[in-house]
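Worksheet: the structure to be examined is printed underneath.
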Amino acid sequence: EEFLVEISGTTVTITCPLTEGSIVWGLTGTKPAGDEGKYVIENHDSSPANVSCSSGDKKYEMYLNARVCANCEELDALAVTGIITADLLITFGVLILVYYFSKDRKGRASTSAGSRPRGQKMQRPPPVPNPDYEPIRKGQREVYAGLEPRGF
């Protein structure tokens, strides 16, 4: 059997596993009064303590190390799941927007007033054509008239 510990704000409620007889509680350094099955610690200071409850010859002991705070908010699992899901959806939405806006900017040239090509980024003129490899122009077909397709 185990103790049941409930924490709400700075209040700690401990339920003893014993259910019959008069229950005597023991807390480190003090002897709390009362013979109820529950022991309530108001304004707990988060310091560790040894708690015991006994009835007749049966005694149960527990080491209590509960951290409490005055202005904490309690969240259930559904609220935490909703917060995480909303955060992920917003993050993916921002990523998609950034992707599409940056995709459109790649093809555009820079329009700033002081932009000029630097160093190796200057465009070079096309090379001078070699006269041995000039394209065929109209009226000059006789140069290539002796070249006829051969059958293999």
Side-chain angles (χ1 to χ4, degrees), residues 1-136 149-152:
E1 297 180 31
E2 296 180 349
F3 285 91
L4 176 64
V5 180
E6 299 172 15
I7 300 171
S8 178
T10 59
T11 304
V12 178
T13 306
I14 306 167
T15 305
C16 183
L18 295 170
T19 56
E20 58 210 34
S22 80
I23 297 172
V24 179
W25 287 93
L27 187 66
T28 307
T30 61
K31 281 280 187 185
D35 57 352
E36 300 177 10
K38 290 187 178 186
Y39 179 63
V40 179
I41 305 172
E42 297 282 343
N43 299 322
H44 183 59
D45 59 357
S46 297
S47 60
N50 288 317
V51 180
S52 64
C53 68
S54 60
S55 176
D57 60 344
K58 290 186 178 181
K59 184 174 184 179
Y60 288 94
E61 293 183 352
M62 171 184 76
Y63 179 74
L64 177 67
N65 190 10
R67 301 214 177 225
V68 297
C69 62
N71 50 359
C72 295
E73 292 293 328
E74 296 181 22
L75 294 175
D76 59 343
L78 185 63
V80 173
T81 305
I83 291 169
I84 292 172
T85 303
D87 182 39
L88 289 174
L89 289 174
I90 291 169
T91 303
F92 285 129
V94 169
L95 284 174
I96 290 170
L97 286 174
V98 168
Y99 173 75
Y100 281 115
F101 282 119
S102 67
K103 186 176 158 184
D104 290 343
R105 292 185 127 200
K106 287 181 184 175
R108 295 182 188 166
S110 176
T111 58
S112 62
S115 68
R116 59 184 173 145
R118 288 183 240 127
Q120 295 179 351
K121 293 195 174 189
M122 292 180 60
Q123 292 183 355
R124 296 184 183 133
V128 178
N130 189 339
D132 294 335
Y133 298 102
E134 289 185 19
I136 301 173
R150 299 181 189 165
F152 291 102

Problem set entry | Side chain to side chain, S54 and Y60, heavy atoms closer than 4.5 Å | no
Seminar exercise, completed: In this structure, SG of C53 is separated from CD of E61 (nearest 0.5 Å) by 9.5 Å
Exercise. Which value, rounded to the nearest 0.5 Å, describes the distance between S47 atom OG and L64 atom CG?
Worked result: 8.5 Å
Problem set entry | Value rounded to 0.5 Å, distance of CG in N50 from CG in N65 | 10.5 Å
Problem set entry | Passing candidate, side chain to side chain contact (heavy atoms under 4.5 Å, CB included) with V80, options I84, I83, D76 | I84
Seminar exercise, completed: Sorted by chain and number, sequence neighbours left out, salt bridge (Lys or Arg N to Asp or Glu O under 4.0 Å) with K58 holds for none
For this session: Determine whether I7 and H44 make a side-chain contact, defined as any pair of heavy atoms from C-beta on separated by less than 4.5 Å.
Result: no
For this session: Would you mind reporting whether C69 and S46 have side-chain heavy atoms less than 4.5 Å apart?
Result: no
Exercise. Do I14 and W25 touch side chain to side chain, with heavy atoms closer than 4.5 Å?
Worked result: yes
Exercise. Roughly how far apart are L95 CG and Y100 OH, rounded to 0.5 Å?
Worked result: 12.5 Å
Exercise. For T11, what residues pass the side chain to side chain donor-acceptor pair (under 3.5 Å) criterion, not counting sequence neighbours?
Worked result: E42
For this session: Determine whether more than 12 heavy atoms belonging to other residues, nucleotides or ligands lie under 6.0 Å from atom OH of Y63.
Result: yes
